[in-house]
Protein chains: 2
Amino acid sequence: MAEARNVDTRERILDAAERLFMAHGYEGTSMRQITGEASVNLAAVNYHFGSKESLMQEVFRRRLDWLNEERMRVLDAYEKEAGGIALKPSQIVDGFFGTLLRMADDETHGGMTFLRLLGRTLTEPSEFIRTFLAHEYKPVMERYKEALFRALPEVPKAEIVWRFHFMLGATSYAIAGTDALRLVTDWQIEEEDSTDRLDRLVPRLMSFLLGGLRAPLPQYDPSAVNPK
Amino acid sequence: MAEARNVDTRERILDAAERLFMAHGYEGTSMRQITGEASVNLAAVNYHFGSKESLMQEVFRRRLDWLNEERMRVLDAYEKEAGGIALKPSQIVDGFFGTLLRMADDETHGGMTFLRLLGRTLTEPSEFIRTFLAHEYKPVMERYKEALFRALPEVPKAEIVWRFHFMLGATSYAIAGTDALRLVTDWQIEEEDSTDRLDRLVPRLMSFLLGGLRAPLPQYDPSAVNPK
DNA sequence: GTCTATATCATGATAGAC
DNA sequence: GTCTATCATGATATAGAC
């Protein structure tokens, strides 16, 4: 309790930064906004994190460490259950993308705010962010790719890698959610209230991802369709 | 020919801005970088476009006007060919996403640079950009949504809207391409040279999108899987 | 239309008192 | 650990000469 104030300062900065980076992007957020929102002194960021870049990395590390451990844990459980035979694609997709989406319900791990930040940042232009994320993601990515290779031995590996990539994109937009959905429709997705929304989104996205993952392989045909 | 210099200045600014916004994002690009790269005076941007925001909008309008007309044209052609009966989902997906991807080969309309800028900007946090894009996209979106509703009458409309959204996400990542693909894999996608790459990417993405679009409908089941 | 010069302000970072 | 004060830089935008 004696040191509670210090912990609070650090955490408050991280929380404010998470929310502001989500809302305005990395370049679009200033340290003055962050420290203002966190009600701490401007110099506190540099004292606790050293720089704005390091702060950004810490915002992600705090959440991704937990997420990726959880993903490993889920895959371990499925594999133990399967006892040596290859997993079903639906289990692998659930372990990776389902675990991610279920974070949205978990406010102690950032909830929807972090998810949307992550979804947006995956297309973020800043080089140092992409490099950092690629590094953070690497081990869990390798495990899941291997699981997919085993689950779909008849599909060329390059095809699986691309489809994983496509799934990341679809999920990223699914998370960005209602905001970006304005591109597609004006309707407020009327039917559902917000607590219900995630419960419906998860199976929705899962169906889509699995449909794409298991789609018939493309035949490479240089004479494309496009009518005059 | 007498006015060629002026036209050149405007176009050179737009070209430079397109490339730099693609590489560093809107907030991450300064007008000094833009005018430097275009070899024009710093004041030229404000003279020709009024502000940085207006410049950004003009960068998009220049390409999107053409793209969306092309999309309308392709859908018209398919519908004329079909003579009153509903189109196939594959035709609609080709008209919207195929037309987009085929821009990449067309350097006169921005080619890969604009495509990647577009893919990244769809998740851009800046409010004014998203508002502008939603407005620019609206008519063509409505046409394509209607076409999908007719093509898939047994699928609830809300489901189609979400799947359209997921398809946008997958396509966005497909475009961002090799850069963002570093998240998934280290390999240089070795097999293919760059001219070949797009010819393979289009059928690849089309298969994935159609698989997702036509996937079995999710059943809404609150008791999800996630093993302990 | 194009340029130089500059106004005005916000940025990230740090030094040094407490 | 926290604060104030400040630095050096770079941002957008504009006024006014040519």
Side-chain angles (χ1 to χ4, degrees), chain A residues 1-60 62 117 121 124-129 131-132, chain B residues 1-60 121 124-129 131-132:
Chain A
M1 187 88 75
E3 309 293 321
R5 270 297 303 253
N6 319 350
V7 176
D8 264 10
T9 296
R10 241 187 90 97
E11 290 294 309
R12 282 219 308 283
I13 291 172
L14 287 170
D15 289 343
E18 184 172 79
R19 212 191 61 73
L20 288 165
F21 287 152
M22 180 273 284
H24 308 118
Y26 175 75
E27 309 272 8
T29 302
S30 71
M31 315 232 320
R32 282 172 170 82
Q33 286 176 275
I34 295 168
T35 53
E37 172 122 344
S39 302
V40 301
N41 190 271
L42 172 60
V45 167
N46 281 291
Y47 176 78
H48 283 284
F49 302 96
S51 70
K52 190 185 176 188
E53 284 200 5
S54 299
L55 169 60
M56 179 69 159
Q57 294 185 0
E58 197 52 38
V59 166
F60 278 100
R62 170 172 80 144
L117 172 60
T121 308
E124 185 95 4
S126 304
E127 182 56 29
F128 89 91
I129 301 178
T131 304
F132 171 74
Chain B
M1 187 88 77
E3 307 295 316
R5 270 296 303 252
N6 319 352
V7 177
D8 264 8
T9 296
R10 238 188 94 96
E11 291 293 310
R12 282 218 309 282
I13 291 172
L14 286 170
D15 289 343
E18 184 172 77
R19 212 190 62 72
L20 288 166
F21 287 151
M22 181 274 285
H24 308 118
Y26 175 75
E27 310 271 8
T29 302
S30 72
M31 314 232 319
R32 281 174 169 80
Q33 288 175 277
I34 295 168
T35 52
E37 172 121 346
S39 303
V40 301
N41 189 271
L42 173 59
V45 168
N46 280 290
Y47 176 78
H48 283 283
F49 302 96
S51 72
K52 191 186 176 187
E53 284 200 5
S54 299
L55 168 61
M56 180 68 158
Q57 293 186 1
E58 196 52 37
V59 165
F60 278 101
T121 307
E124 185 96 3
S126 304
E127 181 58 29
F128 89 92
I129 301 179
T131 304
F132 171 74

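These numbers were taken from a predicted model, which means no experiment stands behind them. In what follows, chains carry the letters A, B, and so on, assigned in the order in which the sequence lines appear, proteins first and then strands, with residues in each chain numbered from 1.
Rounding to the nearest 0.5 Å places CG of B:Leu20 at 12.5 Å from CE of B:Met31.
A straight line from CZ of A:Phe49 to P of D:dG1 spans 12 Å, rounded to a whole angstrom. Summarising the geometry, the separation between CD1 on B:Ile13 and P on C:dG1 is reported as 12 Å, rounded to the nearest angstrom. In this structure, A:Tyr26 places its OH atom 12 Å from C1' of C:dT11, rounding to the nearest Å. Note: CG (B:Asn46) to C1' (C:dA7) measures 14 Å, nearest angstrom. Rounded to a whole Å, the CG atom of A:Leu55 is 11 Å from the P atom of C:dG12. Atom NE2 of A:His24 is separated from atom P of C:dA10 by 16 Å (rounded to the nearest Å). If you take CD1 of B:Ile34 and P of D:dG10, they are 17 Å apart, rounded to a whole angstrom. Rounded to whole Å, atom C1' of D:dG10 lies 16 Å from atom CE of A:Met31.
With hydrogens and angles ignored, the 3.5 Å screen pairs no side-chain donor or acceptor of B:Thr121 with any backbone N or O of B:Glu124.
Listed pair B:Ser30 / D:dA11 meets the phosphate criterion, a side-chain N or O lying under 4.0 Å from OP1 or OP2. A close approach under 4.0 Å does not occur between any side-chain nitrogen or oxygen of A:Asn41 and OP1 or OP2 of D:dT2. Taking only side-chain nitrogens and oxygens, B:Ser51 never comes nearer than 4.0 Å to OP1 or OP2 of D:dT12.
Relative to the side chain of B:Lys52, the nucleotides D:dT2, C:dT2, D:dT12 differ in distance, and D:dT12 lies closest. Here the side chain of B:Ala43 is nearest to one of C:dG12, D:dA15, D:dC3, namely D:dA15.
Within 4.0 Å of B:Thr35, counting heavy atoms only, lies no atom of the nucleic acid at all.
In terms of heavy-atom proximity, B:Val45 sits nearest to B:Leu55 at CG1-CD2, 4.0 Å.
Side-chain to base pairing of A:Arg32 with C:dA10: no donor and acceptor N or O lie closer than 3.5 Å to each other.
Place B:Ser39 and B:Leu42 on DNA chain C by their nearest nucleotides, and B:Ser39 ends up nearer the 5' end.
Using a 4.5 Å cut-off on side-chain heavy atoms (C-beta onward), B:Glu58 and B:His48 make no contact. Between B:Tyr26 and B:Lys52 there is a side-chain heavy-atom pair separated by less than 4.5 Å.
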